[in-house]
Each structure stands twice: as C-alpha cells, then as structure tokens.
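Before any comments, here is the structure.
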Amino acid sequence: MTTYDADGITLEKVREYVWEIPQEGDMRTPARVLASEALLDEISDDKTLQQIKNATHLPGITNHAICMPDGHQGYGFPVGGVGALDAKNGCISPGAVGYDINCGVRMMTTNLTYDDVRGNEEELVDALFANVPSGLGGGGIVKGDADAIEGILARGVEWAVEEGYGVEDDLRACEDEGRRPDADPSAVSQKAKDRGRNQIGSLGSGNHFLEIQRVTDVFREDVGDAFDLREDQIVVLIHCGSRGLGHQVCNDYLRKIEKQHADLLDRLPDKELAAAPAGSELAEEYYGAMCAAINFAWVNRQLIMHRTRRVFERVFDRTWEQMEMQLLYDVAHNIAKKESHDVDGESRELYVHRKGATRAFPAGHPEVPAAYRDVGQPIIIPGSMGAGSYVLRGGDKSMTETFGSTAHGAGRLMSRTAAKDTYWGGDVQDELEQDGVYVKAQSGATVAEEAPGVYKDVDEVVRVSDALGIGDKVARTFPVCNIKG
DNA sequence: ATGTCC
C-alpha cells in the first residue's frame, strides 16, 4: 500500500488523488484528503490534517470528513473541509461553517471583449473604487434601517430586487434563488444587526475583491455555451461575505454553544469544534441565524453587482442591458445546509458543512437552476490576483464522493503575518501592473497579505478536482483590473 | 474573515 507520512499522521492511498486517515481511537469514521502529492506537501507540516482528523469525532459524521485539494488550516475545522453531519442524530458546528458566513463568489458575464476595456482600465477601476465601498469598517451602498435589515435577513435577494437593486432574472441564477427559506431574523442578535446595518453592499477586506477579468480559455464548448462564456469575453467577479454581521452571528453562537453544550465539547478533541446537538434549541437557533446571514451575504453581492452595472453604464455610455451584464451564478463558500443525500442506499437528511468548499451539483440534479440543469451547476473558483480564476461545472462523481462539493479557491500557503514580512504592497502592485493587471486597494498591507505568492497553484487545485470528476473545468479567466479592501 | 483583544 502507498502511504504518505506527514507530521505525525500517516495517510493511505485509496486511489489517485484520494488519501485516507484510517479510523482509530474515538474517530467515528475515517478522514479523506483529496489531493496530489504536491498539494499534500503544502499541508504536511501545519494543522490541516489534524483538523480534518478531529472533525471525524463530531457526532453524526457520515462516511468521512473530507478535505478538498485547496484545504488549509482554519478555526477548528480546515478551510476546504466538508463534513456531512446527521440532521437528526448528529450536530451542527459553527466552526465547521466559518466566521464569514456565506463568504462566496458571483460571476457576471458581459458581451464586451478585452479590446473594449483595454485602455480604459484606470478609468474603470477608479470609478469602481469610488462607487463600491471597500475596506474594514462601515459604509455600504444602502444605509439600512431596522425594517431593511429584517427584510434582508428574511428574504435575501428578493428584498434587493423589490428595492430596485436588480431584476427577476438575477434570482434565477442564484442558489436557492437568493433566499434561504430557513432564515430566522429573530435569532440574529441586535449587536449583529447593528454591525450589519451600515455594511449593506460593501466588499470588506482580506481576500475580498471585485475583479474585471477576461476569459482566456474555454475547455468544454457545450458547457461554455450554456454558461454564455467565450474566449476574450469580459466578465466580472465579486468575492465577499457577510461582513461584521456574519462574524457576530458565528461568535455569538460559538460562545452560547460552548457553555450550553459543554458535555459534548468535553468529548471533542478541539474546543474550536464546539457543536450543538441536532434538535437542540441552540442548533435550531444557530441554523436560523446562519441562514439569515447567508441571505445578508447574497444581498451584499447583489448590491455590489448592481452598482457595478451602473458604473459600466457611465464608463461605456451604454445601458447594462445593452452590455448583457447577466449574473452567471453565485456560489456560497462557507455554509451548512440541510440536504438529502443517498447514504448506503438510504436517503438521509444531513447538515452538509462546507467551509471553504463549494456546492458542485451535477447535471440532472433538481436543485440546479433550469438554465444549467442539462450541464451541471456552475462553480466559480477564484485564484489569486495574479493567477486568474476558473469556472467549473458540478461533476458526475460529486454526489457519491463529496456530498456534492468541490474546492473553493487556491488556498493560502502563508499566514497573513508571514505575508506582510515577505512582501510590500506597492511592489506587488508594480509587478502585477507589468503583467497587465491594474490593482487599486484601500490598504497596501492588504495587497501584501494577498500577494499571488501566498497562494497555492490554482491550476493544480482545479486539475485534481477535474480528475476526480467532482468539478469539471469549463473556462479559465485572467485578471484585467481589481479593487480590494 | 473580523470595529485583526471583551
């Protein structure tokens, strides 16, 4: 048997790109790591493997805890981790969702080509930077009163479209049509609502950005046609989350769950995995609050997208409809969701935790929007500023291998602190400009933290996803210009 | 990720 020895943990090779940490001690299932040896080398000396192993201690864990090809260590549970926990007899764990609830990405297509944008990069970026709030702290596109917050948390993108920030077609291209029906705004603390109120429609900081990109390759023509993607086309990528509101929801419930369910916590190997038993009051409340934060993040991306349409109208002196600025899809990268999955021939209701992982439902799945049902769900995988991004489609193996999931990005290689010691923002911007990528940022430190060199090779991550058949390559993009927090 | 420490 082929094995891989990491720092204190031995993985057994199941088949190409599939590694297993065998069940032992209090593990309830084995853990699986989906990676090439090159990707394993990147996580062999940090806590990633220990964390995915720890996740198998969670009650109700089904089949395996799974680490995606872009996995790296996170709070308690790896970023790039998938944990399907029984929704009746298992539990739900905020640390396995992540602090930035529904951090995610949406892509908008256009009928512009690279030639239309070339030479206008600076004007475009300056206009976007002036019109899309970014960076830490407050200030959003909408100043929300109490009614607005309730509407956003309860009704998601439906609220935004009613208020004039988008059109009905936008709903059809969004997972759950932009509304998580299980949302319970009353489970969101006043403090969380107050933090969210003046951040409605704002990018935030860290790895969040708005990027204008050009399509450089289409690998599957039939799927590219269904997604309206073609070479040299200009597309817009928006990456952001639920800002202070989601962060506060996560923090509020972690503290409550640690206290209320200390007995369960005592049996777990890491305090950061704190979980509420399925059916408990806190499990229901956290789920309702998390779903409300999901809606908030969707509205956030919707408002930024609609504002981007307005900016393009001014810069290119055409209506956004004339430029065919359509939402391709919006994917959530940090959520837990009740889903039915076939487990050993039986349909089971599971809380599928995807933390830094993307839903990847294949062709034919009833929850894939009608426009894409014949080809599979669009998946958007942002790379780093210098590397570009990918569009995939849900692969045929995702339902049997990964509870309908794949990777979410390149995955960090270096901590933010280490990045700031290694890079200087201005130098990174100069180097990117030499590659034809124009970046404007609120903070030079953020540019250093997000330098292309701090990320894994997105090509390798996507190659493994494609080879496993969980998310298939459809198109590749390269950045043209970018605004950051 | 995050009013980067309640």
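Basis for what follows: all heavy atoms, side chains included, without hydrogens, waters or symmetry-related copies. Treat the numbers as computed from the prediction; the structure is a model and nothing was measured. A note on names: the letters A, B, ... follow the listed sequences, proteins ahead of strands, and every chain is numbered from 1.
- As judged by a 4.0 angstrom heavy-atom cut-off over every strand, A/Ser205 is placed among residues touching the sugar-phosphate backbone only.
- In this structure, A/Lys191 reaches the bases: a heavy-atom distance under 4.0 Å links it to at least one base atom across the strands shown.
- Rounded to a whole Å, the CD atom of A/Glu258 is 14 Å from the P atom of B/dC6.
- Annotation: salt bridge (charged side-chain N to carboxylate O under 4.0 Å, His left out) contacts involving residues 271-287 of chain A, sequence neighbours excluded, comprise A/Glu258-A/Lys271.
- Rounded to an integer number of Å, the gap from CG of A/Leu136 to P of B/dT4 is 8 Å.
- Protein atom NZ of A/Lys420 is 12 Å distant from nucleotide atom P of B/dT4, rounded to whole Å.
- The CD1 atom of A/Ile101 sits 12 Å away from the C1' atom of B/dT2 (whole-angstrom rounding).
- Nucleic acid contact for A/Glu449: none, since no nucleic acid atom lies under 4.0 Å from a heavy atom of the residue.
- Here salt bridge (charged side-chain N to carboxylate O under 4.0 Å, His left out) pairs that include residues 237-246 of chain A, with residues two or more places apart or in two chains, number zero.
- A cation-pi arrangement, defined by a distance under 6.0 Å to the six-membered ring centre and an angle within 45 degrees of its axis, is present between A/Lys338 and A/Tyr287.
- No engagement by A/Gly241 is indicated, since no non-hydrogen atom pair under 4.0 Å with the nucleic acid exists.
- Using a 4.0 Å cut-off, no side-chain N or O of A/Arg416 falls inside it from OP1 or OP2 of B/dT4.
- Between the CG atom of A/Asn198 and the P atom of B/dT2 there is a distance of 13 Å, given to the nearest Å.
- At least one donor-acceptor pair closer than 3.5 Å links the side chain of A/Ser398 to the backbone N or O of A/Ala360.
- Whole-Å rounding puts the A/Arg255 CZ to B/dT2 P distance at 18 Å.
- Distance A/Gln248 CD to B/dC6 P: 9 Å, rounded to the nearest Å.
- Taking atom CG of residue A/Leu254 and atom C1' of nucleotide B/dC5, one finds them 16 Å apart after rounding to whole Å.
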